[in-house]
Amino acid sequence: QVQLVESGGGLVQAGGSLRLSCAASGGTFSRYTMGWFRQAPGKEREFVASISRAGGSRTQADSVKGRFTISRDNVKNTVILQMNSLKPEDTAVYYCAAGQGMTNWALDSTRKYNYAYWGQGTQVTVSS
């Protein structure tokens, strides 16, 4: 089983930056597409960004494009979400996820049902 642990969340003012980290264990990290999703209270979990196994492909939600960057280190078994120019509407619990078997990768990697493993989440709160 793959275990994922997020860290780096916190309280930040609008316009500020945060760097989220996800540490993976219990599986072969380089075999998994990795994704970040977020969920606000009362809302469905929504896609934020994804990165392919070797890091050669990336997809970002329109709402974060140009502000957030996803990256991975297959030696350290970590995936990073660098968040800049944060807005109050970015406030949510952010989840790291791992999945595989995605054929139409650009589309499939945005769908939460294609991810089998999830972290516990880390809270990001952006004040106005």
Side-chain angles (χ1 to χ4, degrees):
Q1 183 178 225
V2 175
Q3 291 99 244
L4 304 171
V5 180
E6 303 95 334
S7 61
L11 176 65
V12 65
Q13 293 182 349
S17 297
L18 281 174
R19 178 182 166 98
L20 304 185
S21 296
C22 174
S25 62
T28 304
F29 182 70
S30 62
R31 293 180 180 176
Y32 292 89
T33 285
M34 300 299 298
W36 286 97
F37 293 75
R38 65 188 183 186
Q39 188 168 24
K43 302 291 186 180
E44 291 292 312
R45 193 167 300 184
E46 67 174 1
F47 171 75
V48 176
S50 60
I51 187 166
S52 60
R53 291 179 298 172
S57 298
R58 295 175 175 85
T59 301
Q60 295 168 288
D62 289 343
S63 59
V64 307
K65 198 162 190 175
R67 300 189 298 121
F68 293 8
T69 301
I70 188 170
S71 61
R72 69 189 295 161
D73 187 331
N74 285 353
V75 175
K76 296 181 178 179
N77 290 354
T78 59
V79 60
I80 303 297
L81 186 68
Q82 178 66 48
M83 306 186 295
N84 299 324
S85 301
L86 283 161
K87 304 174 180 180
E89 52 262 46
D90 295 319
T91 296
V93 177
Y94 283 70
Y95 295 91
C96 177
Q100 56 185 356
M102 302 178 197
T103 54
N104 185 357
W105 189 87
L107 178 62
D108 289 353
S109 69
T110 71
R111 307 306 177 94
K112 55 184 179 288
Y113 52 75
N114 285 321
Y115 292 84
Y117 302 101
W118 295 83
Q120 83 289 347
T122 186
Q123 177 71 48
V124 172
T125 303
V126 184
S127 62
S128 60

Pair listing, salt bridge (Lys or Arg N to Asp or Glu O under 4.0 Å) test, anchored in residues 90-111, at least two apart: R38-D90, R67-D90

Co-members of the apolar cluster containing M83 [side chain, <4.5 Å]: V2, L4, V12, L18, L20, F29, Y32, M34, W36, V48, I51, V64, F68, I70, V79, L81, L86, Y94, Y117, V124, V126

Nearest-0.5 Å distance that lies between atom NZ in K112 and atom CZ in F47: 12.0 Å

Partner residues of N84 under the side-chain hydrogen bond (donor to acceptor under 3.5 Å, both in side chains) criterion, sequence neighbours left out: S17, Q82

Atom CZ of R58: over 12 foreign heavy atoms under 6.0 Å: yes

Separation between OG of S25 and CD of Q1, rounded to the nearest 0.5 Å: 9.5 Å

For G119 against Y95, the heavy-atom pair lying closest together: O-CD2, 3.5 Å

Contacts of type side-chain hydrogen bond (donor to acceptor under 3.5 Å, both in side chains), residue N74, not counting sequence neighbours: R72

W118 side chain near R45 side chain, heavy-atom distance below 4.5 Å: yes

For S7, all residues meeting side-chain hydrogen bond (donor to acceptor under 3.5 Å, both in side chains), sequence neighbours excluded: none

Other residues, nucleotides, ligands: >12 heavy atoms within 6.0 Å of E89 CD: yes

Selection residues 119-128 - residue pairs positive for side chain to side chain donor-acceptor pair (under 3.5 Å), sequence neighbours left out: E6-Q120, Q123-T125

Flag side-chain contact, heavy atom, 4.5 Å: C96 against Y115: no

Distance, nearest 0.5 Å, that separates OG of S21 from CG of D73: 10.5 Å

Donor-acceptor pair, side chain of S52 and main chain of S57, under 3.5 angstrom: yes

